[in-house]
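First comes the structure, then the notes that go with it.
Everything quoted here is computed from the prediction, not taken from an experiment.
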Amino acid sequence: MSRNVQVAERPGADPILDEELEGLFGLFRGHSRILLGVSGGPDSTALLLLARNWRYSQLDGPSFCVATVDHGLRPGSDTEAAGVGALCENLGMPHVVLPWRGPKPGTRIQEAARDERYTLLKAFARENRLDALALAHTLDDQAETVLFRLCRGSGIAGLAAMRQVSRRRGLTILRPFLDLPKARLVATLEASGTPFVRDPSNSDPRFTRPRLRMMAPVLESEGLDAQRLALLARRAARADAALELQTDTAQAEVGLQPWGDEGPLRMDAVRFFALPDEIALRLLMRGVMARASEGTVELAKAERLLEAFRISHDTGSRLRRTLAGAVVTLRQGTLSIVTAPLRQVGTRARSTLLASQSKS
């Protein structure tokens, strides 16, 4: 296995000790089958090694499967994925490679690769009835995510960044290293002689995240280090949880029914617009996301939509707008949200679509 071992970014970093493993991987308890996402880089290789060591010391616990996403974006990526497989074989752990097939975008390639990686890992976990996905995000990654989202004007939910335990569409996401600096993971691999690779794109200044990493020493000199940024994320998460609880209460107060997969969602407009702006915005986004057919709901667009409907309500006028494939209508004191009908397409394309539907 031809892989380049790198030195720790910060001298003096201590390897992870055996007595620390329970504190890190205790959150794995309660799960029977866990998928480990391992790229072959230092963080995920440490996840593979340390999770295996922790499980080996337990009388019982979850079983592991390891998956590597091969993005195919540079020569040798298949060899790196095979290297993870070889390491898994040595450790006695099952391994699968998930290739990113199809055309690659010409812009925002790192974001697209990250999204595809999540998609492939989650799909594999669900198809194989694995109940959790473990990822190796570190304290450094958390700080970087907070900075990245600050640059993009994220709201409180965005600044909460990543959580140690979260759920997405029925799948639990576990991040045991979120409070650990990357340097300790590198030191652990060096101490054990375990090889790993570096993705050169992670230091390519053409991309946003590498540029943010280059800014880290300057920010640290002003006191804005990874620990401070992670603290901001924890405080934002605390505020976000309180706001979500208040939104749950508001959802019942405005009479938002039904909440199934079909049919219109309806809210009493007078009660809705009496809510604080942040709660009304969250409730509106919930409704739109529940009926959206065209991807996620952007915060800035949802804010503009709420403002337009608030003006319409104050003036007593009707209004209809579409966002993310959901139609929102204000009429006769009711705010309703439905999935938008199929968009108009060309005559030939529409005929082809109808013909294909008639055969299904």
Side-chain angles (χ1 to χ4, degrees), residues 3-11 13 37-47 69-77 80 100 103-119 121 135-163 175 177-187 189 196-237 295-296 298-301:
R3 313 173 83 196
N4 295 321
V5 179
Q6 303 291 325
V7 297
E9 291 90 339
R10 297 179 183 179
V38 179
S39 67
D43 306 342
S44 61
T45 301
L47 173 66
V69 175
D70 180 6
H71 297 95
L73 295 176
R74 66 180 190 278
S77 63
E80 293 173 4
W100 182 10
K104 309 300 189 292
T107 59
R108 302 179 69 179
I109 187 64
Q110 281 203 325
E111 291 179 40
R114 188 175 293 108
D115 290 343
E116 184 66 17
R117 181 163 60 251
Y118 272 104
T119 298
L121 289 170
L135 302 171
H137 293 113
T138 66
L139 179 70
D140 303 67
D141 296 317
Q142 181 78 314
E144 177 189 306
T145 299
V146 174
L147 280 176
F148 185 83
R149 293 181 179 179
L150 275 171
C151 292
R152 278 154 176 72
S154 292
I156 292 176
L159 295 180
M162 298 178 283
R163 319 289 176 94
R175 296 182 174 92
F177 296 159
L178 209 53
D179 291 331
L180 280 179
K182 181 188 297 285
R184 291 202 66 195
L185 301 180
V186 176
L189 296 179
F196 61 88
V197 296
R198 290 282 193 189
D199 182 349
S201 67
N202 287 334
S203 57
D204 190 333
R206 292 178 299 171
F207 302 117
T208 302
R209 288 178 182 267
R211 291 197 299 271
L212 291 176
R213 292 182 198 120
M214 294 175 186
M215 292 169 54
V218 176
L219 296 174
E220 288 180 7
S221 69
E222 297 296 334
L224 192 59
D225 58 12
Q227 286 80 9
R228 288 283 179 86
L229 288 165
L231 177 60
L232 172 60
R234 289 194 294 273
R235 288 172 172 168
T296 59
E298 295 181 24
L299 176 60
K301 291 182 179 180

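Residue-environment remark: CZ (Arg108) stays at or below the threshold of 12 foreign heavy atoms within 6.0 Å. Residue-environment remark: NZ (Lys301) stays at or below the threshold of 12 foreign heavy atoms within 6.0 Å.
At distances below 3.5 Å, at least one donor-acceptor pair connects side-chain atoms of Arg211 with backbone N or O atoms of Pro205. Checking side-chain atoms of Thr45 against main-chain N and O of Gly40 turns up a donor-acceptor pair under 3.5 Å.
Between the CZ atom in Phe177 and the OG atom in Ser44 there is a gap of 9.5 Å [rounded to 0.5 Å].
A salt bridge links Glu80 with Arg74: the distance from a Lys NZ or Arg NE/NH1/NH2 to an Asp or Glu carboxylate oxygen falls below 4.0 Å.
Ring geometry for Tyr118 versus His137: interplanar angle under 30°, hence parallel rather than tilted (30 to 60°).
Side-chain contact between Arg234 and Gln142 is absent, with no heavy atoms from C-beta onward closer than 4.5 Å. Arg235 places a side-chain heavy atom less than 4.5 Å from the side chain of Leu231.
Looking at residues two or more places apart in sequence or on another chain, you find no side-chain hydrogen bond (donor to acceptor under 3.5 Å, both in side chains) involving Glu298. Residues meeting the salt bridge (charged side-chain N to carboxylate O under 4.0 Å, His left out) test with Arg206, sequence neighbours left out: Asp204.
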Please tabulate, one pair per line, all N/O donor-acceptor pairs under 3.5 Å involving side-chain atoms of residues 145-158, not counting sequence neighbours.
unit_1, atom_1, unit_2, atom_2, d
Thr145, OG1, Asp141, O, 2.9
Arg149, NH1, Gly158, O, 2.9
Ser154, OG, Arg149, O, 3.2

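Nearest approach of Ala113 to His71, heavy atoms of both residues: O-NE2, 3.3 Å.
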